[in-house]
Number of protein chains: 2
Amino acid sequence: MLGIDPGLTRCGVGVVDVAPDRSAVLVHVGVVRSDPDAPIEERLAIIARGLRAVVDAHEPDVVAVERVFAQHNRATVMGTAQASGIALLVAGERGLAAATHTPSEVKAAITGYGNADKRQVQTMVARVLRLEELPKPADAADALALALCHAWRGAPAQAAASGPLTPAQRAWADAERLARR
Amino acid sequence: MLGIDPGLTRCGVGVVDVAPDRSAVLVHVGVVRSDPDAPIEERLAIIARGLRAVVDAHEPDVVAVERVFAQHNRATVMGTAQASGIALLVAGERGLAAATHTPSEVKAAITGYGNADKRQVQTMVARVLRLEELPKPADAADALALALCHAWRGAPAQAAASGPLTPAQRAWADAERLARR
């Protein structure tokens, strides 16, 4: 599962391998950058090249991209929308299915509620993936959160009564409690 | 000069050959379409393929793309922004310079004032390019207008006093008068 947090200056990318029991392993995390002083057409070409390199290296089944809204951050929203178009294009050109999720959907999927702050999301992502540090920069963490959100979406809930929790489920349950504080 | 009026369902493309005296010849006009029922990643890939085909067939020096604003047509603006990102990407990947112009800039360049309606722009484009009919659909006409706008931008003004008008200059002067009525 490849998650992409679209942006012109920093485009976060995160690849996770998610098991049916919702446990997940970090495969790749990074940021595709483009120079803010470069012409827009060159920036988009650099982003496309960087995203294609990630797709070709990790061969995801699905690409999840953050949905961009017109009403947020007017000054940069058009650039973000263009970068999201490039992310979706790269998926389409490789014959991969793509999905978009809103920031609220991602926060709800990861922390249990849609108004979680960035640090709570990062903390949860780090726990679920058993990372020793919070994934940085925030764009990279958001990309991992997107990938997890999409992988978990529609997955059957893991009832605690169905058996002992796996380590990943325990981390998840702990993290959910933490995030709800 | 290639002009692109970005859109997901209809992406207008127009290629014109513009002489230093501002006279212009139509090289190609058309629309790249994508199925509104197809997934967004496939639609963007279809648009990219269609635009690349136009670039490869006509080898423009510059690509002019209409600038998209967040405040207009909220429901479709994100798709239009994504399509504009694809248009700019195609230019960047081919090493072509790209430029963006606002609808007002295009109208002002073509008709002499920024609040001209679509039909006035189409009429002017048809006159300048000596077309027997108005270019259709509107997206294709807008793409031609964009290409002309960019080609004419910064071109030295043709003072009537500097000599007899060429046929193209006469058509232009006639059309400007018509558009100002």
Side-chain angles (χ1 to χ4, degrees), chain A residues 2 4 6-8 11 32 34-35 38-52 55 60-103 150, chain B residues 2 4 6-8 11 32 34-35 38-52 55 60-103 150:
Chain A
L2 166 61
I4 300 177
L8 278 182
C11 196
V32 177
S34 82
D35 179 357
I40 178 71
E41 65 275 18
E42 289 178 20
R43 300 185 74 182
L44 294 169
I46 287 166
I47 291 167
R49 205 150 52 222
L51 296 180
R52 285 187 193 120
V55 167
D61 299 314
V62 183
V63 179
V65 181
E66 186 166 302
R67 182 171 292 169
V68 184
F69 289 100
Q71 59 266 38
H72 295 142
N73 298 323
R74 278 233 176 130
T76 61
V77 71
M78 286 297 114
T80 307
Q82 290 172 333
S84 80
I86 303 308
L88 293 165
L89 172 72
V90 166
E93 288 185 335
R94 289 293 192 271
L96 302 174
T100 58
H101 294 289
T102 66
H150 188 74
Chain B
L2 166 61
I4 300 177
L8 278 182
C11 196
V32 177
S34 82
D35 179 355
I40 178 71
E41 65 275 16
E42 289 177 19
R43 300 184 74 182
L44 293 170
I46 287 165
I47 290 166
R49 206 150 52 222
L51 295 180
R52 285 187 192 120
V55 167
D61 299 314
V62 183
V63 179
V65 181
E66 186 167 303
R67 183 171 292 170
V68 185
F69 289 101
Q71 58 266 37
H72 297 140
N73 299 322
R74 278 233 177 128
T76 60
V77 71
M78 287 296 114
T80 308
Q82 290 173 333
S84 80
I86 304 307
L88 292 165
L89 172 72
V90 167
E93 287 184 336
R94 291 293 193 271
L96 302 174
T100 58
H101 294 289
T102 66
H150 188 74

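Not measured: the values here are computed from a predicted model. By convention in this document, chain letters (A, B, ...) are assigned in the order of the sequence lines, proteins followed by strands, and residues within each chain are numbered from 1.
Among the candidates P39(B), G95(B), S84(B), G85(B), the residue making the largest number of heavy-atom pairs closer than 4.5 Å to chain A is G85(B). Most heavy-atom pairs under 4.5 Å with chain A, from the set L44(B), V90(B), I46(B), V65(B): that is L44(B).
Residue contact with chain A, scored on non-hydrogen atoms closer than 4.5 Å, involves the side chain of I40(B) exclusively. When heavy atoms are compared at a cutoff of 4.5 Å, L96(A) approaches chain B solely by way of its backbone atoms N, CA, C and O.
Looking at every heavy atom in both residues, M78(A) comes nearest to V77(B) through CE-CG2, 4.2 Å.
For R49(A), the side-chain hydrogen bond (donor to acceptor under 3.5 Å, both in side chains) criterion is met by no residue, not counting sequence neighbours. By the side-chain hydrogen bond (donor to acceptor under 3.5 Å, both in side chains) test, T80(A) is found to be paired with no residue, residues two or more places apart in sequence or in another chain being considered.
Judged by distance alone, with hydrogens and angles left aside, the side-chain atoms of S34(A) form a donor-acceptor pair with the main-chain N or O of L8(A) at under 3.5 Å.
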